[in-house]
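Residue numbers begin at 1 in each chain, while the letters A, B, ... track the order of the sequences. What you see is a predicted model; the values in this text were computed from it and never measured.
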Amino acid sequence: MSLSKISSLTKKNLGKKISVAGWVENIRDHGGVIFIDLREGNEILQVVVEPQNKEIFKVAESIRDEFVISVSGEIKERPKGTINKKMITGEIELDSSNLSILSRSKPMPFQLDEYVKVGEETRLKYRYLDLRRSEMQETIRIRSNISNEIRQFLTSNDFLDIETPMMTKATPEGARDFVIPSRVNQGSFYALPQSPQLFKQLLMISGFGKYFQIVRCFRDEDTRKDRQPEFTQIDIESSFTSAEEIMNLGENLIKEVFKKVLNIDLKDFPVMTYSESIKKFGSDKPDLRNPLELIDVKDIFSDSEFKVFGDPAKDAKSRLVALKISNSLARSQIDDYTKFVGNYGAKGLAYIKVNDANDLKEGLQSPILKFLSENEIESLSNKLNISSGDTVFFGAGHKKIVNESMGALREKLGEDLKLIDKEKWAPLWIKDFPVFEEAEDGSLSPSHHPFTRTSDNLEMLEKNPAMAIADAYDLVLNGYEIGGGSMRIHNSEEQRKVLSILGISEEAAEEKFGFFLEALDYGCPPHGGIAFGLDRLAMLICNKDSIRDVIAFPKTQSAYCLMTDAPSNISDDELKELAIRSTIQTKD
RNA sequence: GGACCGGUAGUUCAGUUCUGGUUAGAACGCCGCCCUGUCACGGCGGAGGUCGCGGGUUCGAGCCCCGUCCGGUCCGCCA
């Protein structure tokens, strides 16, 4: 008799003889009758063992949680009053006539029930058991559905799935590479790809007009809840296209995934420029579910006696913003927020508590009031439209620090004050990024990557690179960057120029990118593309706080696998074969 | 590299500071016995601890001090 799937069993099977197999979710031994909840995937079927069949009954008495068993018998309707509405199979049960233990199990190192919370450390050590829990079964299934829908969508839009090497060449700049030593070419190293960027551009040169790949990428940088050393990108590239076309494609792709996986119709995604986003939110990946906005108040304080505000108000490289909330906070809370913005380099956090908005003389409370003129207070009151009970925070200083600290404060206040509607989806496009980011020492680094085309002309790029705008775009969802892309440079002259602006010498460019620069000279079509972070997308769709929860076997914050104990030492023989010597003394 | 939070039974936690003191508790799980309609079954009984690790202070440390390891959140980092 072949095995039936538990999920397929319904009242239609009443009276039928069937066999099932699975894990023992739970046993209720009443002495005279034994109930076994048998689990297969996420589905559970109640098996009844009656004492009449002495042999089976004896076996059943020895069964423990998570044994793997097979049972055959007849599907019966449950007696009246014993129907369990919480179970999909709650109206039926399997009256066992045969039962065998296929595999025993030691007691679990932690309980798999949904009712018991388990720490992540334990879960990761026994990840294969953690994955048995219905919650994990569900998320892994959803993730599979997501990638399946993506494949279908892209394939039906004529995109070709093409694999690119995992063993490739180390690239300068950017993230640190994971490196693979070569035995055949001793002393030389491959690198794992940070992304298939150059290969997908080469595929455009090869004439594959539409490429995609769901592909693992590797970056040897510190992790976060939304960053793992290895992660998965939905990598897309297209020839003879435009930013509008790629954004349109990406938007339809995400809409399709939400429709098919969650049955949610996303409205058209708003588009915002980078500079507007920074101005309003201090961030290039704002969570639009958060209603708070930064308000520039430079104009009010341009002649201020109060240096903390007056100086930045006069300085082009500085910013002065207010952030208003409709809550009155305790002193200790304000102190906490002051500490919080300190993490981002802010020297302090000025604030005004509005006790009575109708009395600008006595109704305000703040250590900085005595430095502010009546005019300034009145202008502030008008511009911010303050009401009694409000608190206003101020950020003043270098643009970067104000944006980062006040942007982070906006997010934190949004969370703490529960201003964010967690049921909502807030996608948006950010475009018109600068081509380069300027470091404090004036040096430039790519804000996207060095193959991004500017939407300005080349002259502008050379004369004033820090002001040049890139033909690039990011997709942001609920405050997470879930995708980003650009139109690419498609001639070697422009590509060489950008590399030189980045401070990469001609020799270095030749050594690292020579093959690519040469390829650009053999008829390169204009092209561009985008890449989405599958892990982040799945995390958001599954309503999880960390991408670890949507990765079957993730690593810890220190890039360690608690289950396999990777990374680990290799033998001296292996090292010798690879011509490598460690500079670390091995522990005793 | 840095800041902060955590590490006590198999698991989840209480106990920990201001205030160190005899035998470190609970719940769930586990083991044994009982139980014929439960479904997070129930009842009775039992076992289970290097308080992450190392050092120090003290008559005495889970608790105080120093160091260290592990997990998490964040800064730096992430073209």
Q: Using the side-chain heavy atoms of A:Pro446, tell me which of these nucleotides is nearest: B:C31, B:U73, B:A79.
A: B:A79
Q: May I ask you to say what A:Glu93 touches in the nucleic acid, namely base, sugar-phosphate or nothing, with a heavy-atom cut-off under 4.0 Å?
A: base
Q: Does a side-chain N-to-carboxylate-O contact under 4.0 Å join A:Arg488 and A:Glu494?
A: no
Q: I'd like to know if A:Arg331 pairs up with A:Asp335 as an ion pair, taking the criterion as any Lys NZ or Arg NE/NH1/NH2 lying under 4.0 Å from an Asp or Glu carboxylate oxygen.
A: yes
Q: Give, ordered by number, those residues of residues 76-84 of chain A having at least one heavy-atom distance below 4.0 Å to an atom of RNA chain B; if nothing qualifies, reply none.
A: A:Arg78, A:Pro79, A:Thr82, A:Ile83, A:Asn84
Q: Give every pair of a protein N or O atom and an N or O atom of nucleotides 43-45 of chain B that lie under 3.5 Å apart, one pair per line with the distance.
A:
none

Q: Under 4.0 Å: is that the gap between some side-chain N or O of A:Arg227 and OP1 or OP2 of B:C74?
A: no
Q: Touch check for A:Arg224, heavy atoms < 4.0 angstrom, all strands: base, sugar-phosphate only, or nothing?
A: base
Q: Between B:G71, B:C35, B:C77, which nucleotide gets closest to the side-chain atoms of A:Glu121?
A: B:G71
Q: What are the atom names and distances for every N/O pair under 3.5 Å that joins the protein to nucleotides 26-28 of chain B?
A:
| unit_1 | atom_1 | unit_2 | atom_2 | d |
| --- | --- | --- | --- | --- |
| B:C28 | O2' | A:Gln111 | OE1 | 3.0 |
| B:C28 | O2' | A:Gln111 | NE2 | 2.4 |
| B:C28 | O2 | A:Gln111 | OE1 | 3.1 |

Q: Describe, in one word, how the ring planes of A:Tyr337 and A:Phe393 are oriented to each other, choosing from parallel (under 30°), tilted (30 to 60°) and perpendicular (over 60°).
A: perpendicular
Q: Name the pairing partner of B:A3, where a pair is Watson-Crick or G-U wobble with both distances under 3.5 Å, or state none.
A: B:U73
Q: Can a salt bridge be assigned to the pair A:Lys400 and A:Glu438 using a cut-off of 4.0 Å between side-chain N and carboxylate O?
A: no
Q: Does the side-chain ring of A:Phe35 sit on the six-membered ring of the B:U38 base, less than 5.5 Å centre to centre and under 30° in tilt?
A: yes
Q: Describe the nucleic acid contact of A:Asp220 in one word from base, sugar-phosphate, nothing, applying a heavy-atom distance below 4.0 Å.
A: nothing
Q: May I ask which nucleotide in the shown strands pairs with B:C30, Watson-Crick or G-U wobble, both distances under 3.5 Å?
A: B:G46
Q: Side chain of A:Glu221 only, please: which of B:U36, B:A79, B:C77 is the nearest?
A: B:C77
Q: Which of these nucleotides, B:C77, B:A40, B:U11, is closest to any side-chain atom of A:Tyr115?
A: B:A40
Q: Does any N or O in the side chain of A:Arg78 come within less than 3.5 Å of the main-chain N or O of A:Gly90, such that one atom is a donor and the other an acceptor?
A: yes
Q: Considering every strand and a 4.0 Å limit on heavy-atom distances, what is the contact class for A:Arg123: base, sugar-phosphate, or nothing?
A: nothing
Q: Can you find a side chain N or O atom of A:Thr122 that sits less than 4.0 Å from OP1 or OP2 on B:U12?
A: yes
Q: Measure the CD-CZ distance between A:Glu411 and A:Phe281 for me, rounded to the nearest 0.5 Å.
A: 11.0 Å
Q: Looking across every strand, which nucleic acid part, if any, lies under 4.0 Å from A:Ser558 by heavy atom: base, sugar-phosphate, or nothing?
A: sugar-phosphate
Q: Choosing from B:U73, B:C39, B:U36, which nucleotide comes nearest the side chain of A:Gln557?
A: B:U73
Q: Would A:Glu230 and A:Arg216 pass as an ion pair if we require N to O under 4.0 Å?
A: yes
Q: Going by an N to O cut-off under 4.0 Å, is there a salt bridge joining A:Lys125 and A:Glu121?
A: no
Q: Which is true for A:Glu114 with a 4.0 Å heavy-atom rule: it touches a base, it touches only sugar-phosphate, or it touches nothing?
A: nothing
Q: Charged N to carboxylate O below 4.0 Å: is that the case for A:Arg133 and A:Glu114?
A: no
Q: Looking at A:Arg176 and A:Asp220, is there a salt bridge between them, counting it only when a charged N and a carboxylate O are closer than 4.0 Å?
A: no
Q: For B:G48 versus B:C30, give the span between their C1' atoms, rounded off to a whole number of Å.
A: 9 Å
Q: Is A:Thr556 close enough to B:G71 that one of its side-chain N or O atoms is under 4.0 Å from OP1 or OP2 there?
A: yes
Q: In whole Å, what is the span from the CD atom of A:Gln495 to the C1' atom of B:A79?
A: 12 Å
Q: Any side-chain N or O of A:Lys86 under 4.0 Å from OP1/OP2 of B:A40?
A: yes
Q: Quick one: the side chain of A:Ser195 and the base of B:A79, do they pair up donor-acceptor inside 3.5 Å?
A: yes
Q: Could A:Glu511 and A:Lys169 be called an ion pair, given the rule that one side-chain N must be under 4.0 Å from one carboxylate O?
A: no
Q: In whole Å, measure the gap between the C1' atoms of B:C64 and B:U57 for me.
A: 8 Å
Q: Can you label the angle between the A:Tyr128 ring and the A:Tyr126 ring as parallel, tilted or perpendicular, going by 30° and 60°?
A: perpendicular
Q: So A:Tyr344, base contact, sugar-phosphate only, or nothing? Heavy-atom distance under 4.0 Å.
A: sugar-phosphate
Q: Tell me the partner of B:A40, counting only Watson-Crick (N1-N3 plus N6-O4 or O6-N4) or G-U wobble (N1-O2 and O6-N3) with both under 3.5 Å; none if nothing fits.
A: none
Q: Counting side-chain heavy atoms from CB outward, which of B:C77, B:U38, B:A79 is closest to A:Gln46?
A: B:U38
Q: Using heavy atoms to find the nearest nucleotide of RNA chain B for A:Ser546 and A:Glu404 separately, return the residue whose nucleotide is more 5′.
A: A:Ser546
Q: Can you tell whether the side chains of A:Glu462 and A:Lys497 come within less than 4.0 Å, N to carboxylate O?
A: yes
Q: Looking only at side chains, do A:Thr164 and A:Gln213 share a donor and an acceptor under 3.5 Å apart?
A: yes
Q: For the C1' atoms, the ones on B:A24 and on B:G49, what distance do you get once it is rounded to whole angstrom?
A: 9 Å
Q: On RNA chain B, nearest-nucleotide positions of A:Asp65 versus A:Gly119: which is more 5'?
A: A:Gly119
Q: Which of these nucleotides, B:G72, B:G71, B:U36, is closest to any side-chain atom of A:Glu50?
A: B:U36
